[in-house]
Asker: 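If you scroll down you'll find the structure; I have some questions about it.
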Amino acid sequence: MKQFLAFVRKEFYHVLRDRRTLLILFGMPIAQILIFGFALTNEVKDSEILVVDYAKDNASQELLTKIGSSRYFNIRQAAFTHKEILGTFQKGKIKAVVVFPANFNGDLLHHNKAQIQIITDASDVNTANMITNYLSSIVMDYQNQINQNLEIPYRITPEVRMLYNPQLKGAHGFVPGVMALVLLLVSVMMTAISIVREKETGTMEILLVSPFKPVLVIFAKAFPYLALSLVNVVAILLLSVFVLDLPVKGSVALLFAESTLFIITCLALGIFISIKTDTQQIAMLISLMGMLLPTMMFSGFLFPIENMPVPLQIISNIVPSKWFYIIVKSIMIKGLGIASLWKETLILLGMTVFLLLVSLKSFKIRLQ
Amino acid sequence: MQDDKVIVCEKLTKRFGDFIATNEITFDVHKGEIFGFLGANGAGKTTAMRMLCGLSSPSSGKATIAGYDVYTQTEQIKKNIGYMSQKFSLYENLTVRENIEFFGGIYGLSDERIKSKTEELLQRLGLKTEANKLVASLPLGWKQKLSFSVAVLHEPKIVFLDEPTGGVDPVTRRQFWDMIYEAADSGITVFVTTHYMDEAEYCNRISIMVDGKMEVLDTPTNLKNSFHARSMDEVFYQLARGAKRGD
């Protein structure tokens with residue numbers, strides 16, 4: 001144990017002294033989260049909103065003025081009808097359409113409730129969500145305003161339609177996606193490189209001649225990256241909660257447990273790569289091409305897997321990050337517990353055990 | 001077992017498929033001896049050394065290191081040997097002190113022992129002022145001396161040196177050999193490979209490997225006499241000229 005600790009301490013020295021490593025370790029996740037995050041908030045400002053007003057009465061005009069005075073929206077009056085809306089979306093400039101039905105004011109006065117329709121272009125899910133949320137809160141605000149002196153309240157219900165992507169697939173997908181990417185990069189690439197570096201410099205030989213057990217060498221090398229990856233998970237979650245306002249709906253403890261599992265999967269992969277390669281460059285190339293690219297393509301983070309041809313869908317199943325992505329998304333966004341995620345967890349666990357066994361086995365062969 | 005023999009090899013052989021890297025080598029090394037292990041590149045030195053260090057399992061033959069069997073007691077062997085390779089083998093981005101502490105740590109020395117050893121070593125090498133500098137900033141000669149000191153930090157019975165003086169200037173090499181003599185005087189057996197024939201003359205006994213076989217084994221003086229050679233260079237040349245394997 002004392003030997004192990006001496007080793008782990010040495011590994012931390014390595015990491016903390018190498019500025020480039022540190023930059024990748026902590027700069028990258030923060031940069032990625034912030035880039036994605038600000039891309040998100042900037043888009044909603046000054047969005048072009050098209051209004052189709054069949055009512056043209058007092059209430060609709062008042063509500064429109066309110067929407068127009070917000071800094072988020074610029075209003076364009078439409079001269080055409082409902083049916084032509086699709087065409088305007090295809091041109092891309094218009095982010096949402098607000099439709100007031102005929103007799104909007106009348107419905108409010110006589111039935112105490114009225115409807116408006118909000119149609120957004122949900123191919124860009126984050127923007128669509130943001131816009132409907134803002135519009136809905138403006139409508140709520142207006143409703144409270146006119147209800148101030150009334151005994152029977154008026155109700156305006158916005159009816160929301162998400163065009164192109166009604167189930168909002170990929171919503172807030174980037175935080176789980178970035179998490180998978182960052183953990184993968186840190187755990188696979190960094191571990192592989194740090195082990196191969198010892199081979200390159202010849203220190204691995206010295207370690208193997210020492211009474212320190214070879215298997216422990218590998219574990220001691222992987223351990224700091226497990227710790228640092230967990231720090232990264234904390235950083236990403238803090239950023240997503242406090243900077244991006246994306247709370248963790250499910251259990252944080254479960255999220256950490258699953259992340260730890262995924263990190264170990266990645267470490268096992270990194271160890272495997274490091275055993276099979278002899279130079280840092282090759283280790284890095286394999287990590288990037290073999291791990292990063294499949295994660296981008298097959299985890300569902302950037303491209304929906306459902307839309308892929310069947311062979312690619314099958315391939316996506318062997319990419320560990322796909323399962324991790326599903327797990328994180330379910331916990332963070334849908335608030336699901338282990339009861340609904342045991343299948344994905346089991347698959348990830350299976351992969352981890354398999355990879356660990358394979359790398360330990362090839363490590364032994366290598367020693368002969 | 002045998003009074004003061006720390007390395008006993010009998011027909012030690014390593015095959016990789018059809019290729020016989022080390023072919024039935026037989027020799028003994030005594031306690032405190034400086035044993036030169038010579039041979040051209042590809043003669044099988046490295047393979048033999050790996051077997052003796054417990055890194056690779058022999059195909060046949062017998063060998064004991066410090067009384068421990070190379071087949072079954074590799075763990076004990078590793079505790080009793082030190083090793084320094086031709087590649088510089090300390091961590092460049094750790095300080096001198098951290099390197100010493102790390103290697104002390106993985107050899108399982110106690111904290112007090114590491115502490116006293118570190119101070120003693122820094123004192124002896126005259127590295128007191130450099131103790132907290134990164135090893136990368138030291139000149140090569142110092143690095144090699146530090147490397148050697150680290151290899152014998154845990155007071156092993158045998159230390160294996162694989163071309164320890166490659167690329168080092170003659171003055172530093174001379175100093176390095178002083179350290180080797182010092183270690184041998186304190187009872188540590190030194191097993192050294194080298195390509196420098198002047199260094200070979202510093203050894204108590206020399207073996208020369210050709211094509212996986214150990215062709216000769218004797219003191220430098222006896223070897224020169226039996227080959228009618230004026231220097232070890234000539235002895236080596238006469239033997240190695242007949243080699244079929246090269247690199």
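So that the names make sense, note that chain A is the first sequence line, chain B the second, and so on, each numbered from 1.
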Asker: Chain A: which of B/E98, B/H154, B/Q76 shares the most heavy-atom pairs with it under 4.5 Å?
Answerer: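 Most heavy-atom pairs within the cutoff with chain A belong to B/E98.
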Asker: Return the CZ to NZ distance between A/F212 and B/K79, rounded to the nearest 0.5 Å.
Answerer: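 So the CZ of A/F212 and the NZ of B/K79 are separated by 13.0 Å.
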Asker: Less than 4.5 Å apart, any side-chain heavy atom of A/T201 and any of B/Y91?
Answerer: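 Not touching, per the 4.5 Å side-chain cut-off.
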Asker: If you compare all heavy atoms of B/G105 against all heavy atoms of A/A6, which two are closest, and at what distance to 0.1 Å?
Answerer: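 So the two residues come closest at CA-CB, 3.9 Å.
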Asker: Using non-hydrogen atoms and a 4.5 Å limit, figure out which bit of B/F160 sits close to chain A: side chain, backbone, both or neither.
Answerer: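 Neither part; nothing is under 4.5 Å.
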Asker: Below 4.5 Å, heavy-atom pairs only: which of B/G108, B/S85, B/C53 has the largest tally toward chain A?
Answerer: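 Highest number of pairs under 4.5 Å: B/G108.
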Asker: Could you check which of B/D111, B/T74, B/N80, B/T95 has the highest count of heavy-atom pairs closer than 4.5 Å to chain A?
Answerer: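 Of B/D111, B/T74, B/N80, B/T95, B/D111 has the most heavy-atom pairs under 4.5 Å with chain A.
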Asker: Looking at chain A, which one of B/N93, B/I77, B/L90 has the largest number of heavy-atom pairs inside 4.5 Å, strictly under?
Answerer: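 Between B/N93, B/I77, B/L90, the count favours B/N93.
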Asker: Would you sort out whether B/I106 and A/K10 count as a side chain to side chain contact (heavy atoms under 4.5 Å, CB included), showing the intermediate values?
Answerer: CA-CA 11 Å; B/I106 62 166; A/K10 180 213 98 177; over 6 Å; no
Asker: Using distance alone, with no hydrogens and no angle criterion, decide if A/Q3 and B/Y107 have a side-chain donor and acceptor under 3.5 Å apart.
Answerer: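 Not at all, the side chains of A/Q3 and B/Y107 share no donor-acceptor pair under 3.5 Å.
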Asker: Would you say B/F102 and A/R9 make side-chain contact, with heavy atoms under 4.5 Å?
Answerer: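 Side chain of B/F102 against side chain of A/R9, heavy atoms only: no contact under 4.5 Å found.
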Asker: Taking A/L208's backbone N and O only, do any of them form a donor-acceptor pair with B/K78's side chain (distance below 3.5 Å, no angle check)?
Answerer: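 Yes.
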Asker: Considering only NZ, NE, NH1 and NH2 on the basic side and carboxylate oxygens on the acidic side, decide whether A/R197 and B/E92 come within less than 4.0 Å.
Answerer: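 Here A/R197 does not pair with B/E92 in a salt bridge, since their nearest N and O are not under 4.0 Å apart.
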